[in-house]
Amino acid sequence: MTANFEQTLNIISLDGAAATGKSSTAHAVAEALNYLHVDTGSHYRIICYHLNEKSIHPIESPELLAALNGFKVDTILKKNSVLFEIDQREVESDDLRSYTVNTQVSQFASLKPVRDFLLRYQRSLVNFARRNHFKGMIVEGRDIGSVVFPDATLKIFLEADESTRIARREKEGHTDVINERDTIDATRKLSPLTCPKDALSINTSRLSLDEVVSIILKELSQKDESK
Ligand code: DC
């Protein structure tokens with residue numbers, strides 16, 4: 001019975017560079033399917049925020065390991081999204097998108113101890129989804145289809161032209177350094193941003209959110225039919 005239930009949890013991986021439309025797409029797909037929505041970028045941002053608060057630099061050091069080992073992690077369900085909390089503190093969204101976090105997050109995300117810590121946590125969310133009776137989860141990030149869930153039911157990779165991506169961030173009113181982050185994210189040694197071989201790549205530049213969501217839902221139903 002348990003084994004059967006385990007097999008029926010669908011996972012959609014949604015990878016892509018900064019500002020390609022991952023969050024709004026993941027959110028809309030999760031709503032349409034009543035799936036659990038996991039934003040792994042927010043996990044890296046939260047870690048970055050807490051380490052920065054402790055004045056820990058983005059290099060491998062005994063201080064970094066001690067801080068990671070000392071973090072008390074909680075998972076809170078907010079509607080159908082996962083809220084990752086450290087030391088029982090909810091960090092404001094503006095603080096997670098501050099200039100400091102935007103400029104440091106990719107450096108922390110390149111470090112093995114940080115990635116190992118979050119890989120364990122992110123995989124544990126499968127059990128969290130089951131416990132909370134979700135039929136599936138949509139997980140957005142950079143290495144979801146390649147490393148975190150290589151057996152995902154459906155793998156999507158989002159792309160968008162540079163001008164579209166810059167315009168999106170400006171509209172959100174955040175000062176981001178998307179080119180710098182993308183370069184670090186795509187060239188780092190560990191789990192770089194990459195389009196998995198078996199992923200469907202969608203360029204969102206000239207598509208509406210509804211159109212992107214429809215493509216994903218159609219693709220998923222075709223996978224379900226061929227099971
Ligand atoms: O999705 P985002 O822009 O909020 O992600 C912030 C940073 O976190 C991104 O620049 C790289 C890192 N990240 C990662 O390395 N792996 C993931 N799966 C998700 C994000």
Check whether any side-chain heavy atom of [X] sits under 4.5 Å from a side-chain heavy atom of [Y], and report yes or no.
| X | Y | value |
| --- | --- | --- |
| Lys135 | Asn10 | no |
| His50 | Val91 | yes |
| Tyr49 | Thr100 | no |
| Gln122 | Val139 | no |
| Ser110 | Ile184 | yes |
| Asp143 | Thr194 | no |
| Phe149 | Leu125 | no |
| Phe128 | Leu36 | yes |

Looking only at side-chain N and O atoms, does [Y] offer a donor or acceptor that is under 3.5 Å from a partner on [X]?
| X | Y | answer |
| --- | --- | --- |
| Glu159 | Ser201 | yes |
| Tyr35 | Asn80 | no |
| Asn179 | Glu162 | yes |
| Ser205 | Asn203 | yes |
| Tyr44 | Arg142 | no |
| Arg45 | Ser98 | no |

Within one Ile-Leu-Val-Met-Phe-Trp-Tyr cluster: [X] and [Y], side-chain cutoff 4.5 Å:
| X | Y | result |
| --- | --- | --- |
| Leu33 | Leu158 | yes |
| Val114 | Ile46 | yes |
| Met137 | Phe134 | yes |
| Val148 | Val82 | yes |
| Val101 | Leu51 | yes |

Would you find a donor on one side and an acceptor on the other, under 3.5 Å apart, between the side chain of [X] and the backbone of [Y]?
| X | Y | value |
| --- | --- | --- |
| Asp15 | Ile144 | yes |
| Ser13 | Ala152 | no |
| Glu211 | Ser208 | yes |
| Arg123 | Val126 | no |
| Ser81 | Leu77 | no |
| Thr40 | His43 | no |

_Aromatic centroids of Tyr121 and Phe84 separated by under 6.0 Å_ =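 Yes.
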*Are Lys22 and Asp39 within salt-bridge range, i.e. N to O under 4.0 Å?*
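A salt bridge is absent here (no side-chain N lies under 4.0 Å from a carboxylate O).
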*Using a strict cut-off of less than 4.0 Å between a Lys/Arg side-chain nitrogen and an Asp/Glu carboxylate oxygen, indicate whether Lys155 and Asp198 qualify as a salt bridge.*
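Result for this pair is yes, salt bridge flagged.
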Considering all heavy atoms, the nearest [X]-[Y] contact:
| X | Y | value |
| --- | --- | --- |
| Ile178 | Ala18 | CG2-CB, 3.5 Å |
| Asp87 | Gly70 | OD1-O, 4.1 Å |
| Arg115 | Ala109 | NH1-O, 2.7 Å |
| Val213 | Ala28 | CG2-CB, 3.6 Å |
| Ala26 | Ile138 | O-CG2, 3.6 Å |
| Ser106 | Asp185 | OG-OD1, 2.9 Å |

*Step-by-step side-chain contact (heavy atoms from CB on, under 4.5 Å) determination, Thr20 to Arg165*: CA-CA 6 Å; Thr20 49; Arg165 296 164 58 217; 4.0 Å; yes
*Could you walk me through whether His37 and Glu140 pass the side chain to side chain donor-acceptor pair (under 3.5 Å) test, one step at a time?*
CA-CA 8 Å; His37 169 211; Glu140 56 167 300; 2.8 Å; yes
*Where do Ile56 and Asn52 land on the side-chain contact (heavy atoms from CB on, under 4.5 Å) test, with the steps shown first?*
CA-CA 6 Å; Ile56 291 174; Asn52 191 52; over 6 Å; no
*For Arg168 and Ser24, run side chain to side chain donor-acceptor pair (under 3.5 Å): C-alpha distance rounded to whole Å, both residues' side-chain angles, the deciding distance at 0.1 Å, then the answer.*
CA-CA 12 Å; Arg168 281 181 185 151; Ser24 29; over 6 Å; no
Measuring from [X]:[atom1] to [Y]:[atom2], what's the distance to the nearest 0.5 Å?
| X | Y | atom1 | atom2 | result |
| --- | --- | --- | --- | --- |
| Leu68 | Ile47 | CG | CD1 | 5.5 Å |
| Ile12 | Leu217 | CD1 | CG | 7.5 Å |
| Leu220 | Gln222 | CG | CD | 10.0 Å |
| Asn127 | Arg131 | CG | CZ | 6.0 Å |
| Ile216 | Leu14 | CD1 | CG | 5.5 Å |
| Lys218 | Leu200 | NZ | CG | 10.5 Å |

_Before you tell me yes or no, could you show the steps for Phe71 and Glu85 under side-chain contact (heavy atoms from CB on, under 4.5 Å), namely the whole-Å CA-CA distance, both residues' side-chain angles and the distance that decides it to 0.1 Å?_
CA-CA 9 Å; Phe71 283 155; Glu85 260 190 21; over 6 Å; no
*Applying side chain to side chain contact (heavy atoms under 4.5 Å, CB included) between Thr25 and each of Leu209, Leu207, Ile156, report the one that passes.*
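Answer to the side chain to side chain contact (heavy atoms under 4.5 Å, CB included) test with Thr25 among Leu209, Leu207, Ile156: Leu209.
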*Please lay out, stage by stage, how Thr75 and Leu83 fare under the test side-chain contact (heavy atoms from CB on, under 4.5 Å).*
CA-CA 6 Å; Thr75 305; Leu83 200 71; over 6 Å; no
*asked:* Counting only heavy atoms from other residues, nucleotides and ligands, does the tally under 6.0 Å from NE2 of His27 exceed 12?
replied: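 Open.
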*Sort and list the pairs that fulfil salt bridge (charged side-chain N to carboxylate O under 4.0 Å, His left out) and have at least one residue in residues 92-114, not counting sequence neighbours.*
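For residues 92-114, and leaving out neighbouring residues, the salt bridge (charged side-chain N to carboxylate O under 4.0 Å, His left out) pairs sorted by first residue read Lys112-Asp116.
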*Which residue pairs pass the salt bridge (charged side-chain N to carboxylate O under 4.0 Å, His left out) test when at least one of the two sits in residues 71-80, sequence neighbours left out?*
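For residues 71-80: Lys72-Asp74, Lys78-Glu90.
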*Which is it for Asp161 and Ser163 under the side chain to side chain donor-acceptor pair (under 3.5 Å) test, yes or no, and what are the steps along the way?*
CA-CA 6 Å; Asp161 304 343; Ser163 55; 5.2 Å; no
